[in-house]
Protein chains: 2
Amino acid sequence: MTETFGIGELAREFGVTARTIRFYEDLGMLTPLREGQKRVYRTRDRVRLKLILRGKRLGFSLAETREMIELYDAPAGEVGQLRLFRDKIAARRAELDGKRRDIEAALKDLGRAEERCRARLGELEDRPEAGAEAPGLGG
Amino acid sequence: MTETFGIGELAREFGVTARTIRFYEDLGMLTPLREGQKRVYRTRDRVRLKLILRGKRLGFSLAETREMIELYDAPAGEVGQLRLFRDKIAARRAELDGKRRDIEAALKDLGRAEERCRARLGELEDRPEAGAEAPGLGG
DNA sequence: TATGTCGTTTACGTAAACGTAAAGGTGTCT
DNA sequence: AGACACCTTTACGTTTACGTAAACGACATA
């Protein structure tokens, strides 16, 4: 429950450098404790790091990811704040839905490319002479 | 069928600057014709531009997107080439599947945040005194 | 003829997201 | 004591993806 991690440990686990992790701290996205000089990360920071990297994979800037994490944290505020949050969440959701549609379109395109590739491979393997340039049987 | 576009036209349509479009040409991702000095884009380039921007939205670098477009174009090559293409396509597909999973996870997180937000808003609207700081009905 | 609009090339500038030293502290084997 | 392994701060460097300005050409319109 009170498990902690060193910077190198996290770096290895997530495939990033310590520099990267410190950089995220500079941006205020991670807030490790200190044991003397050394940074000590708790589960909370580990989760945040995971969220940051997920955001990156999805093409969000660190600033955008930062905002999203604040949405996840959703502190209890006053009504106005909460409505603002709700709207921001809706906006992000729409953005993510858009990305999902983009992904599906890209997957379809890839599927078509793959199909053409397969068909062509089938031709070439069955009757190699079907190629635009005959392979030549050697000799 | 032989519809063409000016650079400003494309820029307006896709919400980018002409500089951006020229930059993609520098990278060899667009290959407009010329009418005198002026660039003339065909449907092919329009499609490519759309693919480039889709790639961007999904967090791919221009280099990666470039590779993906080459996969879509899938020219007829020899067997070795075709197998390489097939494998590259499979790799991209896996990557896109990963991103889709990331998106679904993010959507779930947002859903939870939204739910908490809604619940809290319901509380505050029903009985405002439930807040940490009572709103006060005005003096 | 002047004022726009639309395009061109060339070139330096910039924001984001780190990379890469350099120089040093702390602990622990051997 | 010496050698690692791991951490620290400071600071300049680098890549990507354009932004922005300068200076110009071509054409239409008032």
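Below, each value reflects all heavy atoms present in this structure, side chains not excepted, and no hydrogens, waters or symmetry copies. Chain letters run A, B, ... following the sequence lines, proteins first and then strands; every chain starts at 1. As the structure is a computational prediction, the values presented were derived from the model and not from experiment.
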Could you check how far CD of B:E64 sits from C1' of D:dT15, rounded to whole Å? 14 Å

Nearest-Å distance, CG (A:D26) to C1' (C:dA16)? 14 Å

Distance test, side-chain N/O of A:K56 to OP1/OP2 of C:dC18, below 4.0 Å: yes

Between A:K99 and B:D102, is there a salt bridge with N-O shorter than 4.0 Å? no

Report the distance from atom CD1 of A:I7 to atom C1' of D:dA5, rounded to the nearest whole Å. 15 Å

Answer with base, sugar-phosphate or nothing: what part of the nucleic acid does B:R39 contact at a heavy-atom distance below 4.0 Å? sugar-phosphate

Mapping A:Q37 and B:G8 to their closest nucleotides on DNA chain C, which lands nearer the 5' end? B:G8

Let me spell it out: for each of B:R34 and B:R12, pick the nucleotide of DNA chain C with the closest heavy atom. Which residue's pick is nearer the 5' end? B:R12

Could you state the atom-to-atom distance from CG of A:L49 to C1' of C:dC18 in whole Å? 14 Å

I want to check one thing: is the phosphate of D:dT20, taken as OP1 and OP2, less than 4.0 Å away from some side-chain N or O of B:R19? no

With a 4.5 Å heavy-atom cut-off, do A:I21 and A:D45 have their side chains touching? no

N or O in side chain of B:K38 less than 4.0 angstrom from D:dC27 OP1/OP2: no

B:E35 atom CD is separated from C:dC6 atom P, nearest whole Å, by 17 Å

Taking only side-chain N and O atoms of A:T20, does any of them lie within less than 4.0 angstrom of OP1 or OP2 on C:dA17? no

Atom CZ of B:F60 to atom C1' of D:dA17: distance rounded to whole Å? 17 Å

A:F23 has an atom CZ; how far is it from atom P of C:dA15, in whole Å? 13 Å

What is the distance from OH of A:Y41 to C1' of D:dC6, rounded to the nearest Å? 13 Å

Looking at B:T17, I'd like to know whether one of its side-chain N or O atoms comes within less than 4.0 Å of OP1 or OP2 on D:dG19. yes

Is there a side-chain polar atom (N or O) of B:Y24 under 4.0 Å from OP1 or OP2 of D:dA17? no

With the threshold set at 4.0 Å, does a side-chain nitrogen-carboxylate oxygen contact exist between B:E123 and B:R120? yes

Regarding A:R66 and A:E70, does a basic nitrogen lie under 4.0 Å from an acidic carboxylate oxygen? yes

Is there a side-chain contact between A:R100 and B:L107 (heavy atoms, below 4.5 Å)? yes

